[in-house]
Amino acid sequence: MTQEFYKEAIQHPIFKLIGETSQELDTDSFVIGGFVRDYLLKRGTPKDIDIVVIGNGIELAKKVASKLKGKPQVSIFKNFGTAMIKYQELELEFVGARKESYHHDSRKPVVEDGSLEDDQNRRDFTINAMAFSLNQSSYGQLLDPFDGLGDLEKKLIRTPLEPGITYSDDPLRMMRAIRFATQLDFTIELKSLQSITENKDRIKIISKERIVDELHKIILSKKPSIGFKLLHQTGLLPIILPELTALQGIEEIEGQRHKDNFWHTLEVVDNISENTDDLWLRWAALLHDIGKAPTKRFHKKIGWTFHAHEFVGSKMVYKLFKRLRMPLNDKMKFVQKMVLMSSRPIVLSEDHITDSAVRRLVFDAGEYVEDLMTLCEADITTKNPRKQRKYKNNFQIVRKKIVEVEERDHVRNFQPPVSGEEIMQVFNLKPSKEIGIIKEAIKEAILEGEIPNEYEAAYQFMLDKGKKMNLKIS
Ligand code: CTP
């Protein structure tokens with residue numbers, strides 16, 4: 001056992017208090033898990049702190065809380081034998097050390113009290129099983145029975161026990177291994193990776209919410225592709241996100257090939273992650289091409305097509321969110337909108353970039369037009385430097401034009417300059433389809449740049465349009 005001390009890690013007075021209080025209860029306590037790992041990785045001192053007690057975690061939590069200023073509330077989770085205190089910016093979770101064994105067909109463990117080592121044995125990874133002592137005689141000592149410290153240096157994800165045991169105890173750990181490998185840019189030990197592959201189907205017993213939590217963390221990492229490659233390699237991806245797996249592969253007919261849309265997508269997600277931390281925009285990048293698998297066709301004359309893949313893809317977003325029990329709210333609608341519009345700026349930039357096309361883009365994308373541009377710029381994955389320069393340059397032009405058009409025409413949150421009521425009054429109409437026709441014609445004229453987005457011009461246009469429709473001015 002190492003004899004290293006990290007007193008500076010546990011300088012916060014709360015640690016001293018916990019140590020003293022557990023001594024009063026004639027027991028020992030330790031900080032364990034993410035706090036220790038992140039401290040040793042120099043990722044700072046996390047605000048989520050896990051305390052393991054050799055004894056009753058709930059009792060210790062209650063006693064600690066009673067000594068704290070303001071006597072914070074203790075939330076007790078009886079089923080898990082844990083207790084939580086929110087104190088200042090900290091979230092302290094207390095748990096009694098456990099020795100657990102699981103039944104193979106369920107995740108409900110049979111829990112027994114255990115020693116610190118028993119508890120460390122049942123944790124997920126060596127780097128998460130390290131503890132700092134809070135006990136007077138060994139205050140700050142690192143307790144690291146599986147050489148987690150060595151694994152931090154080697155940048156290795158390794159399980160304390162045989163991987164098969166650790167993963168089948170809690171199959172979510174397969175996702176956690178991949179998530180930590182992605183966040184920390186670590187390697188998963190080979191036998192662990194093999195074990196994940198063997199146990200992949202057990203992910204099905206895990207709740208969708210917990211899986212999605214891990215997916216979010218992978219997506220929010222600096223380089224999400226690391227995680228998606230591992231999910232792919234272990235066979236977890238087709239279980240969780242079959243829509244992405246379906247994009248893999250290149251087909252060739254009569255010498256015509258299309259690109260591999262799976263690997264392309266991963267590049268797009270990495271690209272966008274350099275420019276945004278927005279979780280949902282990153283999801284949009286991940287899903288922007290999912291409609292390509294079901295719409296793929298080969299035509300003798302034109303080669304491979306993915307007709308209406310954006311529309312099909314946006315419908316698939318709904319099904320995917322529903323299946324994964326993700327929120328079917330504005331966030332989902334945003335992802336759908338991005339997928340639906342994902343080719344618009346590209347088509348536009350390939351052509352001569354006209355004001356009216358830009359105006360239509362701003363009108364349709366509304367407040368999300370910048371996000372859409374960020375997505376489309378990330379979508380440029382060509383390895384041809386000349387083409388890359390050309391596309392980037394074209395998008396710069398589109399961006400510039402968006403600003404110009406916006407300043408002049410204000411179509412982003414378009415409000416019709418002439419109201420339906422006014423049209424009814426002028427032509428003495430009851431509610432009828434004529435009003436809709438005139439309103440639509442005014443909108444089209446503005447978007448086409450035939451008239452400015454102003455009241456006077458729109459009013460005159462309305463009069464002319466009414467005349468052509470043989471309407472009488474009242
Ligand atoms: N743990 C585990 N198996 C799990 C989840 C958690 O063994 N399926 C243990 C690990 O020791 C982990 C600790 O519980 O370090 C706390 O878990 P959690 O708060 O979920 O993760 P952290 O390691 O703190 O990391 P993060 O905050 O990044 O999720």
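Here, residue 1 is the first one in the sequence, and each next residue gets the next number. In listed order, ligands and their atoms are each counted from 1.
In summary, of the residues considered (D124, D170, D213), a salt bridge (charged side-chain N to carboxylate O under 4.0 Å, His left out) with R176 occurs for D124 alone. Among I240, T234, I239, L231, the one residue that satisfies the side chain to side chain contact (heavy atoms under 4.5 Å, CB included) test with K200 is I239.
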Between ligand 1 and the protein, which N/O pairs fall short of 3.5 Å?
residue	atom	partner	partner atom	Å
ligand 1	3 (N)	R173	NE	3.0
ligand 1	3 (N)	R173	NH2	3.3
ligand 1	7 (O)	D124	N	2.8
ligand 1	7 (O)	R173	NH2	3.1
ligand 1	8 (N)	D170	OD2	2.8
ligand 1	11 (O)	R123	NH1	3.0
ligand 1	11 (O)	N128	O	2.9
ligand 1	14 (O)	R123	NH1	3.3
ligand 1	15 (O)	G34	N	3.4
ligand 1	20 (O)	R176	NH1	3.0
ligand 1	21 (O)	R176	NH2	3.4
ligand 1	23 (O)	R37	NH1	2.8
ligand 1	25 (O)	R37	NH2	3.2
ligand 1	28 (O)	R179	NH1	2.9
ligand 1	29 (O)	R179	NH1	3.3
ligand 1	29 (O)	R179	NH2	3.1
ligand 1	29 (O)	K217	NZ	3.4

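Both the sub-6.0 Å distance and the 45° axial angle are not jointly satisfied by K62 relative to the ring of F94. At least one cation-pi condition fails for K155 and F186: the charged atom is not both under 6.0 angstrom from the six-membered ring centre and inside a 45 degree cone around its axis.
The aromatic ring centroids of W263 and H232 lie less than 6.0 Å from each other.
Sparse packing is recorded around NE2 of H307, with 12 or fewer heavy atoms of other residues, nucleotides or ligands lying under 6.0 Å away.
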